[in-house]
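Chain identifiers are assigned alphabetically (A, B, ...) following the order of the sequence lines, protein sequences preceding nucleic acid strands; residue numbering begins at 1 within each chain.
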Amino acid sequence: MTNQEIAKVLYEIGEYLEMQGVVFKPRAYEKVAETIESLQEEVADIYRRGGLKAIEDISGVGVSIAEKIEELIKTGKLKYYEDLKKKTPVDLSSLTQVQGLGPRKIKALYQKLKIRNLADLEKAAKAGKIARLEGFGPKSEENILKGLKFVKSSGGRFALGSVLPDILAIRDKLKKLEEVKRIEMAGSVRRRKETVGDADLLVISDKPKPVMDYFVSLPEAARVLAHGETKSAITLKNGMNVDVRVVPEESYGAALSYFTGSKDHNVMLRQIAIKKGYTLNEYGLFRGKAGAKGRLVAGRSEEEIYKALDMSYIEPEMREMRGEIELAQKNKLPKLISYGDLKGDLQIQTSWTDGDNSLEEMMNAAIKNGLKYIAITDHTKRLAMARGLDEKRIIQQMKEIDELNKRLKMRGARFTILKGTECDILQDGSLDLPDRILAKLDVVGVSVHSLFNLSRREQTERIKKAMRNPNVDILFHPTGRLIQRREPYDADMDEIIKTASETGTILEINGSPDRLDLKDEYIKKCVEAGVKMTIDSDAHNIPHMGVAVYGVAQARRGWATKNDIINAWPVEKMLSFLKK
DNA sequence: GCCGTTTTCGGCCCGACTGTTTTCAGTCG
C-alpha cells in the first residue's frame with residue numbers, strides 16, 4: 001500500500017466521521033492523512049523497519065490510528081473503514097470534488113434521494129429534485145450543476161504534479177534493465193503540460209520481450225491493456241494509462257518528436273518537410289513523397305531532424321504552436337530558464353503559521369537544496385485558520401531572522417534569510433498589516449484568500465489597489481485557481497499585468513502543483529510586457545520545497561528566460577530590483 | 001483521536017461566506 005492510498009483512506013474516514021457529526025476526530029484523521037501524503041519515506045517501509053512503534057512516531061499518529069495503518073499495510077483493508085462505508089455507501093472522492101458539497105450534504109442527498117455518485121447527482125439536479133429538498137434550494141441546485149460541469153471538464157486528465165513522480169519512478173525502474181539501451185518520456189508529460197491524459201515511454205532495445213514482460217508485471221500496474229513486443233500499456237491504480245513503445249535506434253528522434261507532440265506542432269513540421277521535398281513520420285525524415293520509400297535523411301535524434309528542416313532545436317515545453325516554429329526558422333528562439341537556475345525562493349511558510357517545519361529547519365533544507373536565499377512569508381492575521389501573524393508576532397519573527405542571519409554570517413555561510421510576509425488583501429484592496437510594518441520587510445508578497453466571488457470590476461480594482469502600495473513587491477498566486485478544483489476568481493489579468501508593468505510589481509509563478517499560478521499563457525504575456533516574475537515553492541514543509549521545479553516547467557512553457565525571473569538572480573541584484 | 005518545559009484531562013487554527021432560513025448549518029480556507 002502506497003502513502004497516497006493510505007492517505008486516501010484516512011481522508012475518507014475523516015469525512016465519514018464528519019457526516020456523523022463527530023467533532024475533532026475528523027481533523028485528527030485529516031491531519032495524519034496530510035502528513036503521510038507528503039512523507040518522503042513509504043509508511044510500509046517505516047513499518048517494516050520499526051513496526052507499530054515507528055508508525056506512532058509519525059506526527060499526529062497515536063495508538064488508534066497506528067493500529068489502523070498497520071491493518072491497512074498488513075491486509076490491504078481496514079474493517080473500521082469498510083464499516084463506515086457500508087453505512088453510507090457513496091463515492092466520496094468524486095462527490096466531494098463538486099464545489100459546495102461536503103460530507104453533511106452528501107449524507108443528506110444519500111438519505112433522501114439515494115444519491116451515490118456523480119451520475120445520480122446529475123440526474124436528480126436536472127430533474128429539479130434537489131431544489132425541493134429541505135436545506136437545499138434553487139441556488140444550491142444551480143451550483144451543483146455548475147460544479148458538476150467543472151468536474152466533468154477536468155475529468156480523465158491528471159495534474160502533472162500528481163503523476164510525474166510515478167512516471168519517473170517507472171522510467172527509472174526500466175532504465176536499470178540491461179536490455180534497455182535508452183529510455184525517455186514523451187507526450188504531454190515531456191512538454192510538462194499542467195494536466196496530462198496518459199504517459200508515453202520510448203525505449204531503444206534489441207531484446208524488447210523481457211523489457212515488456214517486466215513492464216506489464218510492475219506492481220504499479222492495476223491492469224494490463226496491451227502486451228506486445230513494440231507496444232505495451234498498463235493502467236495505474238489512479239486510472240492513468242502508461243504506454244511503452246520500443247522503437248529502432250535510427251528512428252528514435254523521429255519517434256520522440258512524433259510522440260511528444262503537440263499534434264499541431266507536428267502537423268506544421270510535416271508541412272515544412274513537404275515544402276522541402278521530404279516526408280516526415282514517426283520513423284524519420286525521408287527524401288521524396290510519402291510511401292515512395294525514399295532515403296532516410298534524419299531520424300536518430302530530434303536535433304538532426306530540426307536541423308535538416310533548417311530550424312533550431314525547439315524545447316519540448318515550447319511545442320504548442322504559439323509561434324515557436326517561426327522563431328526557430330529565424331534562429332531567434334529565447335534561451336529558456338533552466339531547471340537548475342533558481343537561486344532563491346520567495347515564498348516559504350513556517351510553523352509560525354500553518355507550515356509544518358520551523359524557520360530554522362526550512363533554512364537548513366534550503367541550504368541543503370543549494371539555494372542562496374529564501375524569504376519567510378507567513379500568513380497574516382486575517383487568515384485565522386492559519387494562525388496568521390499580527391503586528392506583534394511578525395516583529396518577533398523579524399528578530400528571530402536577524403539572529404539566524406547573524407549565526408549564518410559567523411559560520412561563514414553564504415546564505416540569506418529575507419524577512420517577508422504573505423499579507424492578505426482585504427476587500428477594499430487595503431492590506432492586513434500596516435504600512436509601517438511592511439516597510440520594514442525585505443519582501444512583501446500579497447494575496448487574495450477571501451471573497452473570491454466579487455464582481456470582475458471589484459476584484460480587479462481590489463488587486464490593483466494592493467499592487468499600487470509602494471511597499472508591495474510581489475502578487476502571490478495571482479489568479480487564485482486550483483487546478484481541476486477551483487476556477488480562478490474573476491479578474492482582468494490583462495489589466496493586472498499592465499498594472500504590474502506600471503508599478504514594478506512582480507507576479508508570482510507559484511510552483512505548487514495544484515496551483516501553477518500564473519499559468520503558461522499569462523507568463524508569456526508577462527514576458528512580452530517586460531513584467532518580471534518569481535518562481536516560488538509556497539512550501540509548507542521541507543519535501544514541498546522541491547515543487548519549485550513545476551514552476552520552472554511552467555515558466556519554460558511561457559517562454560521565460562533567466563532574465564525574466566528575479567529569483568534566478570543573485571540576492572543583491574534581486575533586492576535592488578524590488579520597490580524601494 | 002491526539003497531545004502536553006503551562007496540562008495525562010481538557011482542550012483542539014477560527015472567521016467569513018452562502019444559501020437557506022428568520023437564526024443558522026454547512027463549507028471553505
Could you pull out every donor-acceptor pair under 3.5 Å between side chains of residues 10-23 of chain A and any protein atom, sequence neighbours left out?
from  : atom 1 : to    : atom 2 : distance (Å)
A:Y11 : OH     : A:E37 : OE1    : 3.0
A:E12 : OE1    : A:Y81 : OH     : 2.8

Inset, instruction - Between B:dA16 and B:dG10, how far apart are the P atoms? Round to whole Å, please. - result: 30 Å
Inset, instruction - Take atom C1' in B:dC12 and the same atom in B:dT7, then report the distance between them in whole Å. - result: 13 Å
Polar atoms only, N or O, under 3.5 Å: list the protein pairs with nucleotides 1-3 of chain B and their distances.
from  : atom 1 : to    : atom 2 : distance (Å)
B:dG1 : OP1    : A:S64 : OG     : 3.1
B:dG1 : OP2    : A:K25 : NZ     : 3.3
B:dC2 : OP1    : A:G62 : N      : 2.5
B:dC2 : OP1    : A:G62 : O      : 3.2
B:dC2 : OP1    : A:I65 : N      : 3.2
B:dC3 : OP1    : A:G60 : N      : 3.0

Legend entry - Those residues that, when tested against A:K343, pass salt bridge (charged side-chain N to carboxylate O under 4.0 Å, His left out) (two or more places apart): none
Legend entry - Rounded distance in Å - CG (A:L454) to C1' (B:dT18): 14 Å
Inset, instruction - Please measure how far the C1' atom in B:dT21 lies from the corresponding atom in B:dG26, and state the result in whole Å. - result: 13 Å
Inset, instruction - Applying ring-ring contact (aromatic ring centres under 6.0 Å, His included), name anything that partners A:F24, two or more places apart in sequence or on another chain. - result: none
Inset, instruction - Using the test salt bridge (charged side-chain N to carboxylate O under 4.0 Å, His left out), find all partners of A:E361 that sit at least two apart in sequence or belong to another chain. - result: none
Inset, instruction - Determine the contact category for A:R382: base if any of its heavy atoms lies under 4.0 Å from a base atom, sugar-phosphate if only primed atoms, P, OP1 or OP2 are that close, otherwise nothing. - result: sugar-phosphate
Legend entry - B:dG19 and B:dT23, which share atom name C1', separated by this distance in whole Å: 13 Å
Inset, instruction - Check the pair A:K381 / A:D432 against salt bridge (Lys or Arg N to Asp or Glu O under 4.0 Å), numbers first and verdict last. - result: CA-CA 7 Å; A:K381 58 184 186 292; A:D432 199 21; 3.7 Å; yes
Inset, instruction - Run the salt-bridge test on A:R27 and A:E30 with the 4.0 Å N-O cut-off and return the result as yes or no. - result: yes
Legend entry - A:I130 CD1 to A:K123 NZ distance, which is reported to the nearest 0.5 Å: 12.0 Å
Inset, instruction - Just jot down the side-chain hydrogen bond (donor to acceptor under 3.5 Å, both in side chains) partners of A:S188, sequence neighbours excluded, or say none. - result: none
Legend entry - B:dT20 and B:dT27, which share atom name P, separated by this distance in whole Å: 13 Å
Inset, instruction - Provide the Watson-Crick or G-U wobble partner of B:dG1, both distances under 3.5 Å; none if there is no partner. - result: B:dC12
Legend entry - B:dG29 to B:dC13 separation - C1' atoms, rounded to the nearest Å: 11 Å
Legend entry - Contacting residues from residues 133-142 of chain A, given that a heavy atom lies under 4.0 angstrom of DNA chain B: A:G135, A:F136, A:G137, A:P138, A:K139, A:S140
Inset, instruction - Can you tell me which residue pairs pass the side chain to side chain donor-acceptor pair (under 3.5 Å) test with a partner in residues 124-141 of chain A, sequence neighbours excluded? - result: A:E122-A:K126
Legend entry - Of all pairs that satisfy side chain to side chain donor-acceptor pair (under 3.5 Å), the ones with a partner from residues 60-69 of chain A, not counting sequence neighbours: A:Y29-A:K68, A:S64-A:K68
Inset, instruction - Considering only atom P, compute the distance from B:dT5 to B:dG1 and round it to an integer number of Å. - result: 23 Å
Legend entry - Sequence-distant partners of A:E70, side-chain hydrogen bond (donor to acceptor under 3.5 Å, both in side chains), two or more places apart: A:Y47
Inset, instruction - Could you tell me which residues satisfy ring-ring contact (aromatic ring centres under 6.0 Å, His included) with A:H449, sequence neighbours excluded, listed by chain and number? - result: A:H379, A:H477
Inset, instruction - Take the protein atom CG of A:L451 and the nucleotide atom C1' of B:dT18, then report the distance between them rounded to whole Å. - result: 12 Å
Inset, instruction - State whether A:N143 places a side-chain N or O below 4.0 Å from either non-bridging phosphate oxygen (OP1 or OP2) of B:dG19. - result: yes
Legend entry - Whole-angstrom distance between B:dC28 and B:dT22, as gauged at atom C1': 24 Å
Short heteroatom pairs, N/O only, protein and nucleotides 23-29 of chain B, under 3.5 Å:
from   : atom 1 : to     : atom 2 : distance (Å)
B:dT27 : OP1    : A:G102 : N      : 2.6
B:dT27 : OP1    : A:G102 : O      : 2.8
B:dT27 : OP1    : A:K105 : N      : 2.9
B:dT27 : OP2    : A:R104 : N      : 3.2
B:dC28 : OP1    : A:G100 : N      : 2.9
B:dG29 : OP1    : A:R486 : NH1    : 2.8

Legend entry - Candidates B:dC13, B:dC17, B:dT18 - which lies nearest the side chain of A:N453: B:dT18
Inset, instruction - Rounded off to whole Å, could you give me the CD-to-P distance for the A:E34 and B:dC13 pair? - result: 12 Å
